[in-house]
Number of protein chains: 2
Amino acid sequence: MRDGLPRNQALVLDMLRSDQGRALTAYELLARLGPAGMRGPQTIYRALEGLLKCGLIHRIESLNAFTACAHAHEGHGYGHHTHRPAFAVCRNCGAVRELDDPALAAVLGVVADRSGFAVQDRVIELVGACGACAAAPG
Amino acid sequence: MRDGLPRNQALVLDMLRSDQGRALTAYELLARLGPAGMRGPQTIYRALEGLLKCGLIHRIESLNAFTACAHAHEGHGYGHHTHRPAFAVCRNCGAVRELDDPALAAVLGVVADRSGFAVQDRVIELVGACGACAAAPG
DNA sequence: GCGGATGACGTGATGTTATCACATAACTGA
DNA sequence: TCAGTTATGTGATAACATCACGTCATCCGC
Ligand SMILES: [Zn+2]
Ligand SMILES: [Zn+2]
Ligand SMILES: [Zn+2]
Ligand SMILES: [Zn+2]
């Protein structure tokens, strides 16, 4: 159990990290990890749930996909401090970049307070074209 | 064709407006509008696509659901200026509130510029409990 | 060691969300 | 009228996610 993670979580995390900077859907993971013994969606979703809970991956709502946390490194394991960063997402190539901006975090805090909602989670995604795709023809 | 909208778009928009401040999924709309003659998901999704395009409704990514724009009024029709506001979303009761905050818009602009992405769309959702649900027992 | 509690996993079925493909009808402007 | 476009009807299918139930292993108090 690499990193002290259960086998399936380790498999999924390794796969997501091997695609660092991109996002994969649950079924893409299933297809890639079928040979490694993961045979049903449930298996994948359970692993994803565990990894989300301990902050090692993030869900990208606008893609229904998942990406390894750019700040969770080998040694962190279970104790990694979870965060909810903003993301820039490329519709063309699936590139995903975490955007950690203190000013954004601050203003989101203010907006949340004013909203009268007890905010438990944030979804902040800037969707468009990454530099490469914006420059490319077509 | 109310508001100059095609029949199905008008049906969907009326239904969403009748649930102002909440979000409905495509299949909830289908169930409610079946009696009015909308019989397949495709019919609903086509209407939603048209309404999204002219800014009369918004999609809530964290709910896979849709809500009438709080600022689109009777007279606006096709020409309504589209915007991509932030939302506060209640997980418990489905309440949705548009949050229009100039400071947030400004800082998002800065973050987008810095990201190196050509941002085409934004998903900004604060997910939690609305005031009523936060106060309620259970 | 036993017995229960917990956590991880396997797996088939099912539920939910979204799109494809193709045919038909309606509207628009020569 | 006739072509081009927009809107619609409809069955099938794809993509995303969860339920339900059973198994096995580990841990812990007894
Ligand atoms: Zn991260
Ligand atoms: Zn790209
Ligand atoms: Zn609006
Ligand atoms: Zn509520």
Side-chain angles (χ1 to χ4, degrees), chain A residues 1-16 22-54 56-67 77-78 89 91 94 121 123 125 127, chain B residues 1-16 22-54 56-67 77-78 89 91 94 121 123 125 127:
Chain A
M1 288 207 263
R2 173 196 203 280
D3 287 339
L5 290 173
R7 182 179 66 100
N8 287 346
Q9 288 186 36
L11 285 170
V12 167
L13 182 57
D14 281 347
M15 186 56 71
L16 287 175
R22 314 191 87 69
L24 295 175
T25 69
Y27 281 75
E28 285 169 345
L29 287 163
L30 179 56
R32 296 192 188 193
L33 292 170
M38 302 187 75
R39 287 188 231 266
Q42 181 76 92
T43 311
I44 300 289
Y45 280 105
R46 277 198 286 237
L48 290 169
E49 181 185 8
L51 293 167
L52 285 169
K53 199 168 304 187
C54 61
L56 291 168
I57 65 172
H58 301 294
R59 176 180 170 85
I60 309 297
E61 289 290 345
S62 57
L63 298 176
N64 294 327
F66 304 84
T67 191
Y78 276 121
V89 177
R91 272 199 176 119
D121 199 4
V123 179
E125 297 172 13
V127 184
Chain B
M1 289 205 263
R2 173 197 203 281
D3 288 339
L5 290 174
R7 183 179 66 98
N8 287 345
Q9 289 187 35
L11 286 170
V12 167
L13 181 58
D14 281 348
M15 184 59 70
L16 287 175
R22 313 192 86 69
L24 296 175
T25 69
Y27 281 77
E28 286 169 345
L29 287 164
L30 180 56
R32 296 191 188 195
L33 293 171
M38 301 187 75
R39 289 192 226 281
Q42 181 75 91
T43 312
I44 299 289
Y45 280 104
R46 278 199 284 236
L48 289 169
E49 181 185 9
L51 293 166
L52 285 169
K53 199 167 305 186
C54 61
L56 291 167
I57 65 174
H58 301 293
R59 175 180 170 86
I60 309 296
E61 290 290 344
S62 57
L63 299 175
N64 294 327
F66 304 85
T67 190
Y78 275 122
V89 177
R91 271 198 175 119
D121 198 3
V123 179
E125 298 172 13
V127 184

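The sequence lines fix the lettering, A, B, ..., with proteins before strands; numbering per chain opens at 1.
- With sequence neighbours excluded, the residues forming a salt bridge (charged side-chain N to carboxylate O under 4.0 Å, His left out) with A:Glu61 are A:Arg59, listed by chain and number.
- Rounded to the nearest 0.5 angstrom, A:Ile60 CD1 and A:Leu24 CG are separated by 11.0 Å.
- In this structure, B:Leu48 atom CG and D:dT8 atom C1' are separated by 15 Å, rounded to whole Å.
- Between atom CG of residue A:Leu48 and atom CZ of residue A:Phe66 there is a gap of 5.0 Å, rounded to the nearest 0.5 Å.
- For B:Leu30 and C:dA18, the CG to P distance is 13 Å, given to the nearest whole Å.
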Open item on the list: Protein within reach of the bases, or only the backbone? For nucleotides 10-28 of chain D, mark each nucleotide 5' to 3' as B, S or -, using heavy atoms under 4.0 Å.
Closed with: B-----BBBBB--------
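- In terms of phosphate contacts, B:Arg7 brings no side-chain nitrogen or oxygen within less than 4.0 Å of OP1 or OP2 of C:dA25.
- With contacts defined as side-chain heavy-atom distances shorter than 4.5 Å, the pair B:Leu11/B:Asp14 does not qualify.
- Between atom CD1 of residue B:Ile57 and atom CD of residue B:Gln9 there is a gap of 8.5 Å, rounded to the nearest 0.5 Å.
- Taking atom CG of B:Leu11 as the reference point, atom C1' of D:dT8 lies 12 Å away to the nearest angstrom.
- Using a 4.5 Å heavy-atom threshold, the side chains of A:Arg91 and B:Asp121 count as touching.
- Taking the screw axis at each terminus of the helix from C:dG1-D:dC30 to C:dA30-D:dT1 from five consecutive base pairs, the angle between the two is 30° to within rounding of 10 degrees.
- Within the 4.5 Å cutoff, the side chain of A:Leu5 has heavy atoms near those of the A:Leu51 side chain.
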Which donor-acceptor pairs under 3.5 Å do the side chains of residues 27-41 of chain B make with protein atoms, sequence neighbours left out?
residue, atom, partner, partner atom, Å
B:Glu28, OE1, B:Thr25, N, 2.8
B:Arg32, NH1, B:Asp19, OD2, 2.8
B:Arg32, NH2, B:Asp19, OD2, 3.1

